[in-house]
Amino acid sequence: MIEVKKIMATKTLVIVESPAKAKSISKFLGSRYTVKASMGHLRDLPKSQLGVDLEHNFEPKYIAIRGRGDLIKELRVAAKGADKIFLASDPDREGEAIAWHLSHLLGLDLTNKNRIEFHEITKTAIQAALKNPRQIDLNRVDAQQARRVLDRLVGYQLSPLLWRKIKKGLSAGRVQSVAVRIVDDREEKIKAFVSEEYWSLTADLKAAGGKFLAKLLKKAGQKVSIASKPEMEAVLADLEGKEFQVSDVRTKEKKKLPAPPFITSSLQQEAHRKLGFSPKRTMMLSQQLYEGLDLGKVEGTVGLITYMRTDSVKISEIAQAEAKEWILSHYGNDYYPPEPRQFANKGRAQEAHEAIRPTIALRTPDLLKGILSRDQLRLYRLIWERFIASQMSVAIMDTLAVDVLVEDYLFRANASTVRFPGFLAVYEEGKDEEDLVDELQSSLTLTVAPGEKLNLVKLEDKQHFTEPPARFTEASLVRKMEEEGIGRPSTYAPTIETIQTRGYVVKEEKQLHPTELGEIVITLLKEYFPDILNLEFTANLEGKLDLVEEGRAPWKSVVEDYYTPFSVTLAEAEEKIGKVKIEDVVSEELCELCGRNLVIKMGRYGKFLACPGFPECRNTKPLFEEVGINCPKCTKPLVVRRSKKGRKFYGCSGYPECDFVSWEMPAPEPCPECQQLMVIKTSKKEKKYVCTNPECRFTKVIEEA
């Protein structure tokens, strides 16, 4: 009798972080694989205590996160029934720490090669990762532990000090406090700024080849600085009746390189500039694109972009080949450079990582219309265009500079035109408002020659005033944090979200303002904890964490070097700092419950009215700032309000009886066509009043003073 043996199929368990990623990966794996989601971290430091043993070399105390018990049991059961287990959390420090915690919870041997890493959720990437498992990188885990322990030590020991000295509920964080300091420092510069008057002079000139504008630059070889109207009148008197003559004509070819593909910080900045997205929204949408979306029956659920938390601009050869194929087929050989373009990483960018790019370059945004949501598609298009453009030829510009002399006065006209668009045919990088340069450009079709005499059409003199530095937007704060080395790609968005949630910073018309509470806290921290708020000190600490990841520094030594002086400063501050009393401003409005005068207090979403009789009387009510314009529906005053997320809007003071709201600031004058409400719309180029009547939509551009 022949014995028939049943061959049992090997069962492999793959643990990822999110259900969306699990769904995407399951599609690429057969029935022998079970894919489960850990839902992020399953172990962490306890919330109810410090969780770091200061007596035993900063040993952290990790516990299972409350509410995750059933999930841990489910994963343990799945692990017992599996022959192989692969930990596939995100390819960064935090992802490595999650894999390490999972190993402890599931009783896995850390010497086993059960960690897999991939930077895109595609069949090729997943299969390659499964063929190349590795051990958990304990250096990377230690770098994450050091960050976690440091943040816990600062937050859990500094925050109670603020409670005792200022008010209950305050908190301070190692990176968040520096971010608030950056915003506060800018506000101080704005307050201290003294505007200065200056004048500009533009000549409208006519040559045989056409008209052009030229700006006054120099007198007798020195830069002209005109500070008042009498000085301008003196210049105009000098020029009166004088001959304008071309002294020099210079033409030049200028090559413009494309921007590198996105990293986390540049994606957040560009999405803010071009799409109006906050860093938080950008990261939420990019997470969805990375983890995978359902593209229908043909492809199913698939990841559309590579991992979105990266500081590397490296591009794989496969991605470059796909980009080359698309560029050549749509634009031809002239639009592709002689060699595939790679970009150099800055600082300590992780070489193993890639830039943010589409997983398949041939999957154009137009192919995803009707499949992705509007904002998903807009962000995907931005990422796709930036990547494709990064692999294209340089743009070639023809520039022209015309110098015009009037005795010893020098005027100059600049002009440029695109001779060959190159990458500009697909994409051009945006600019922040403070980076925009007001240049006088003329048409390049102009033909003039040295020695040619010109006819003066008119001289236009204009008064200006210097402006203070611009307040930070969320995007420009990300750029500043990146430039200063504050935080890492994964921390930018949550840091900016946190400082607003805590009421230290508010966003008004896209600009970040420190609150009164934020200013008080930063003033105190500057005096007693200068290292915590020192940008260079914080950046140097980030460098030390990088050394831990590289295996060149023990993590507990890095923590000790930071904590030892911090603990001394903390003890001194406890003794020296007296109670900081925030005086409440008394209003004229009376409490309806007890008759006391209500006082103005600062809350998470700004100021509000509260009864000073707390806790006996707990009456509170909103404090509204009147706009000075009446509601178009009921004629009651319009007031400034805030949404639950802290966003500023304008609504009727008669709410809830009247439900009128507007996200745009009401204009001071009614529409001249229909007499209805106009609102102020501001862009980088202009400010205008727009009628809210959909049947009218009258628009008036406002000239800036």
Side-chain angles (χ1 to χ4, degrees), residues 209-210 212-213 249-263 266-267 269-276 305 313-315 317 319-344 355-358 360-369 377-402 413-433 435-448 475 683-686:
F212 66 99
L213 300 174
V249 178
R250 299 180 300 281
T251 57
K252 193 176 178 182
E253 177 185 283
K254 183 179 178 182
K255 292 181 178 179
K256 187 174 182 180
L257 284 166
F262 285 126
I263 58 175
S266 58
L267 175 62
Q269 293 169 57
E270 193 75 337
H272 185 276
R273 295 183 196 111
K274 292 195 170 184
L275 307 178
I305 64 170
V313 291
K314 181 182 173 184
I315 305 167
E317 292 181 2
Q320 287 185 312
E322 289 179 355
K324 179 179 180 180
E325 180 183 343
W326 189 90
I327 294 164
L328 293 178
S329 64
H330 285 75
Y331 286 94
N333 292 332
D334 290 344
Y335 283 80
Y336 192 77
E339 296 290 335
R341 183 177 287 109
Q342 281 284 10
F343 296 86
I356 304 169
R357 60 165 177 81
I360 299 177
L362 300 176
R363 188 184 285 123
T364 65
D366 289 342
L367 294 176
L368 300 175
K369 284 182 178 177
L377 183 60
R378 292 170 74 201
L379 188 64
Y380 180 78
R381 185 181 297 278
L382 193 70
I383 293 168
W384 185 88
E385 289 179 349
R386 173 88 162 215
F387 169 66
I388 292 294
S390 75
Q391 296 302 295
M392 295 178 71
S393 298
V394 298
I396 300 175
M397 321 288 289
D398 286 327
T399 64
L400 171 70
V402 179
N414 292 304
S416 67
T417 191
V418 178
R419 187 204 308 171
F420 175 70
F423 73 91
L424 293 175
V426 172
Y427 176 88
E428 184 172 12
E429 187 177 20
K431 289 184 178 180
D432 289 321
E433 192 167 348
D435 294 330
L436 295 174
V437 179
D438 183 21
E439 292 182 343
L440 195 62
Q441 293 283 334
S442 299
S443 170
L444 197 62
T445 56
L446 174 71
T447 54
V448 290
S683 68
K684 292 178 181 178
K685 294 182 178 179
E686 62 183 8

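The figures that follow rest on heavy atoms only: side chains count, while hydrogens, waters and symmetry mates do not.
Ala401 pairs by the side chain to side chain contact (heavy atoms under 4.5 Å, CB included) definition with Arg250, Asn414, not counting sequence neighbours. Residues that satisfy the side chain to side chain donor-acceptor pair (under 3.5 Å) test with Glu253, not counting sequence neighbours, are Arg419. Scanning for side chain to side chain contact (heavy atoms under 4.5 Å, CB included) contacts around Asp366 gives Thr364, Lys369, Arg381, with sequence neighbours left out. Here Ser390 pairs with Pro261, Ile315, Phe343, Phe387 under the side chain to side chain contact (heavy atoms under 4.5 Å, CB included) rule; sequence neighbours left out. Scanning for side chain to side chain donor-acceptor pair (under 3.5 Å) contacts around Lys256 gives Glu428, with sequence neighbours left out. With sequence neighbours excluded, no residue forms a side chain to side chain donor-acceptor pair (under 3.5 Å) with Tyr336.
Counting only heavy atoms from C-beta outward, the side chains of Phe423 and Tyr331 never approach each other to under 4.5 Å.
Between Ala323 and Ala361, the shortest heavy-atom distance links the atoms N-CB, 3.9 Å. The two atoms that bring Gly430 and Lys274 nearest to each other are N-CE, 3.7 Å, heavy atoms only.
Of the possible donor and acceptor atoms, one in the side chain of Ser329 sits under 3.5 Å from a partner among the backbone N and O of Glu325.
Tyr427 and Glu270 share a donor-acceptor pair across their side chains, judged by distance under 3.5 Å alone.
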Item to check | Criterion side chain to side chain donor-acceptor pair (under 3.5 Å) on Tyr335 and Gln391, from CA distance to verdict | outcome: CA-CA 9 Å; Tyr335 283 80; Gln391 296 302 295; over 6 Å; no

